[in-house]
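Starting off with a structure, shown below.
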Protein chains: 2
Amino acid sequence: MKEDIFPQGSAWMNGEFINISEARIPILDWGFLRSDATYDVVHVWKGQFFRLDEHIDRFFESTKSLRMPCSLERDDLKKILAGCVRHAGLDDAYVEMIQTRGVSKNFQRDPRKANHRFIAFAVPFGWILNPDEFEKGLNVIVSNIRRIPPESVDSKIKNYHWLDLISGMFEAYDSNVDSVILVDEGNNISEGPGFNIFCVDASGLYTPDKGVLEGVTRQTVLDLAEEINLPVNLKPISIDMLNDSIEVFATSTAGGIMPITKINNQLVGNGKPGKVTRQIHKSYWDLHVNSRWTQSVNDLV
Amino acid sequence: MKEDIFPQGSAWMNGEFINISEARIPILDWGFLRSDATYDVVHVWKGQFFRLDEHIDRFFESTKSLRMPCSLERDDLKKILAGCVRHAGLDDAYVEMIQTRGVSKNFQRDPRKANHRFIAFAVPFGWILNPDEFEKGLNVIVSNIRRIPPESVDSKIKNYHWLDLISGMFEAYDSNVDSVILVDEGNNISEGPGFNIFCVDASGLYTPDKGVLEGVTRQTVLDLAEEINLPVNLKPISIDMLNDSIEVFATSTAGGIMPITKINNQLVGNGKPGKVTRQIHKSYWDLHVNSRWTQSVNDLV
């Protein structure tokens, strides 16, 4: 096996900060062997966490829903996350907090017997769409693969069940495009690997109402739309509605607002990022210097 | 955090055998962060692997379907699995082979850039139902939680997407019963955490035809039924059909043939393991001393 090549990064495990290349979990952790884990990802931009409390709120909720409530206090959790960023020496970072079911004594099958594990790490900020490719935008296909339905796994709990999305990514690569959108069981669009979808038509914005992760970036778009009096509709979106949209964009902590300019080899609008997408994109990054939405890494000690 | 307590066991990673307590994977392995992995579990009973080639066939198929074909030759894989059992010093063992997507260089998001990882380990044989509780049998509920559908994740690929099953286990514990059966989207029964389901009525055996793992123990029951001319029907099983069954049993590598004697607080038949269940159970264990179905751990060097 080739040597693994790790990014710059730092992790917090078992009470100490370590280099990301040293951060390992036991293979008998149920977080690995059953994907019995939840997580959240917050980003740091120019030394500032963005909407940190909202990410922590969701993480606390997710860990409670899975019956392994995070035992850290909010302030201590913040210090750990900030510590990872400082130890990694990063200004722009992708910061992940993870709770796993952990290892159970003598590998008992009962999840109630496990010793929950908390991990955090920081690595360089990663982009689904590189900023220098903003004008080009994302070229995606809609797959027949169905996103895992909320009747199976509550989509409000951020989870690592990604084989549907990974299979979709391989379909996208086979078609020489950048990424993929999965459908739900009603054949409406759901989400892509790590991003929510917004469509724009003459009446305003719309985005799927259920069966998708309620992304913090998605919520930020809803908040921004309200501020500028742009109507938003949360509703099922058929593939025809997607195809008829004037603009389409993806939202993710890993890159913010990303125009989708081609779907199934058809241009969206004129194939350029549209007016609404540009406006939301600009407003989104403007929020990153607004202290109402940010917290400084260096203040969290 | 409390100290983890590991079972007796041994793992094979990066070309060497190590104690199970030392076996760890990088947290940046996509097998952890995306559950982008597949696996198989074979058992060893009194020093003999049971249906080893069938488990390896399925593992090879699963790794191919996920586009990370196992690079080991069959004979080398067998030697590694047997080596884990010998290093662990076990006569009865649960032996797992795992392929993960691995770590990608500098944490790139593209799964094609990852450095696939193979791991194997052996731990003591584990039972879903302890043999001394065979007469009591399993007491289960049918949950409303839907097993992740095959339109999302191909159920033929053995995978770690278990949050639906884990949530079901907690429902079972809340109801003071042993385990749970999930349903499919047609509200027919699918499977439980680690086991397939068989029902018995006057006409013979039946078991769900799709959306479930095609378990090796399930296949063994199908093979045994053919040998004794017991008709088997692969078809959707409604909850009413389940409730009307004379006998119900679960099948798993983790314990073989296990009677289900109570469902939703109603006795199955007279609440004792039935005649067919006993016959299949006996035949199943008889196969473990039949060289057509077994391979000696000590011969694989």
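Residue numbers start from 1 in every chain, and the chains themselves are labelled A, B, ... in the order their sequence lines are given, proteins ahead of strands.
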> Non-hydrogen atoms of chain A under 4.5 Å away: do they reach the side chain of B/Pro193, the backbone, both or neither?
Replying inline: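 The answer is the backbone of B/Pro193.
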>> Is B/Ile145 in contact with chain A via its backbone, its side chain, both, or neither, using a 4.5 Å heavy-atom distance?
In response: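 Its backbone and side chain both get close to chain A.
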> When rounded to the nearest 0.5 angstrom, what is the spacing between CZ in A/Phe32 and CZ in B/Arg24?
Replying inline: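 Output value for this atom pair is 13.5 Å.
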>> So for B/Glu22, is it side chain, backbone, both, or neither that comes closer than 4.5 Å to the heavy atoms of chain A?
In response: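 For B/Glu22, there is no contact with chain A at all, as no heavy atom is under 4.5 Å.
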> Given that the side chain runs from C-beta out, which part of A/Ile98 has a heavy atom under 4.5 Å from chain B: side chain, backbone, both or neither?
Replying inline: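 The side chain, not the backbone.
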>> Quick check for you: among A/Gly9, A/Ala37, A/Ser21, A/Pro111, which has the greatest number of heavy-atom pairs under 4.5 Å with chain B?
In response: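 Most pairs with chain B among the choices: A/Pro111.
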> Counting only heavy atoms not in A/Asp76, do more than 12 sit closer than 6.0 Å to its CG atom?
Replying inline: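 Yes - once you tally the heavy atoms of other residues, nucleotides and ligands closer than 6.0 Å, there are more than 12.
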> With a 4.5 angstrom heavy-atom cut-off, which part of B/Arg147 approaches chain A: side chain, backbone, both or neither?
Replying inline: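 Just the backbone, heavy atoms under 4.5 Å.
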> In terms of heavy-atom proximity below 4.5 Å to chain A, should B/Trp127 be classed as side chain, backbone, both, or neither?
Replying inline: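 Backbone only.
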> In terms of heavy-atom pairs under 4.5 Å with chain A, which of B/Leu182, B/Ile119, B/Leu165, B/Ile128 leads?
Replying inline: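 Result: the option with the highest number of such pairs is B/Ile128.
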> Is A/Asp174 atom CG crowded by more than 12 heavy atoms from other residues, nucleotides or ligands, each under 6.0 Å away?
Replying inline: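 Atom CG in A/Asp174 is crowded, with more than 12 foreign heavy atoms closer than 6.0 Å.
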>> Under 4.5 Å from any heavy atom of chain A, what part of B/Ala11 do you find: side chain, backbone, both or neither?
In response: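 Side chain only.
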>> Using 0.5 Å steps for rounding, measure from the CZ atom of B/Arg146 to the CD atom of A/Glu151.
In response: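 Atom-to-atom, B/Arg146:CZ and A/Glu151:CD are 4.0 Å apart.
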>> To the nearest 0.5 Å, what is the distance between CD1 on B/Ile5 and CG on A/Leu28?
In response: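 Reported to 0.5 Å precision, the distance equals 13.0 Å.
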> Top residue by heavy-atom pair count (under 4.5 Å) with chain B, among A/Asp164, A/Val103, A/Val183?
Replying inline: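 Sorted descending by pairs with chain B, the first entry is A/Val103.
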> Given a strict heavy-atom distance threshold of 4.5 Å, which part of A/Asp154 is in contact with chain B: side chain, backbone, both, or neither?
Replying inline: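 Neither part; nothing is under 4.5 Å.
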> Can any side-chain N or O of A/His161 pair as donor or acceptor with the backbone N or O of B/Leu163 at less than 3.5 Å?
Replying inline: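 Yes: the side chain of A/His161 pairs with the backbone of B/Leu163.
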>> Quick check on the interface: out of A/Asn159, A/Val123, A/Ile20, who has the most heavy-atom pairs with chain B under 4.5 Å?
In response: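 Top option by heavy-atom pairs under 4.5 Å: A/Ile20.
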> So, B/Lys105 and A/Asp4, do they make that salt bridge, N to O below 4.0 Å?
Replying inline: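 Salt bridge between B/Lys105 and A/Asp4, a charged N being under 4.0 Å from a carboxylate O: no.
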> Side chain, backbone, both or neither: which part of B/Ile157 has a non-hydrogen atom closer than 4.5 Å to chain A?
Replying inline: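 Contact with chain A involves no heavy atom of B/Ile157 at all.
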> Do you know which of B/Trp162, B/Phe121, B/Phe107, B/Tyr94 has the most heavy-atom pairs under 4.5 Å to chain A?
Replying inline: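 That would be B/Trp162.
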> Is the closest side-chain heavy-atom distance between B/Tyr160 and A/Leu33 below 4.5 Å?
Replying inline: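 A side-chain contact exists here, since the closest heavy-atom pair is under 4.5 Å.
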> Counting heavy-atom pairs under 4.5 Å to chain A, which of B/Arg101, B/Gln108, B/Glu96 comes out on top?
Replying inline: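 Between B/Arg101, B/Gln108, B/Glu96, the count favours B/Arg101.
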> So what's closer than 4.5 Å to chain A heavy atoms on B/Asp29: side chain, backbone, both or neither?
Replying inline: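 The answer is neither part of B/Asp29.
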> Can you find a heavy atom in the side chain of A/Pro149 that is under 4.5 Å from one in the side chain of B/Ser152?
Replying inline: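 Heavy-atom side-chain distance check passes, below 4.5 Å.
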> What residue, out of A/Thr100, A/Thr38, A/Asn106, A/Asp36, has the most heavy-atom pairs lying under 4.5 Å from chain B?
Replying inline: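 Of the options given, most contacts go to A/Asn106.
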>> Working to the nearest 0.5 angstrom, can you tell me the gap between A/Ile166 CD1 and B/Arg67 CZ?
In response: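 Reported to 0.5 Å precision, the distance equals 12.0 Å.
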> Checking B/Glu185 against chain A: side chain, backbone, both or neither under 4.5 Å from a heavy atom?
Replying inline: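 B/Glu185 touches chain A through side-chain heavy atoms alone.
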> So what's closer than 4.5 Å to chain A heavy atoms on B/Ser104: side chain, backbone, both or neither?
Replying inline: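 Contact with chain A involves the backbone of B/Ser104 alone.
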> CD1/B/Ile27 to CD1/A/Ile25 distance, rounded to the nearest 0.5 angstrom?
Replying inline: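 Interatomic distance, B/Ile27 CD1 to A/Ile25 CD1, rounded to 0.5 Å: 8.0 Å.
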>> If I take atom CG from residue B/Leu66 and atom CZ from residue A/Phe170, how far apart are they, to the nearest 0.5 angstrom?
In response: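 If we round to the nearest 0.5 Å, B/Leu66:CG and A/Phe170:CZ are 8.5 Å apart.
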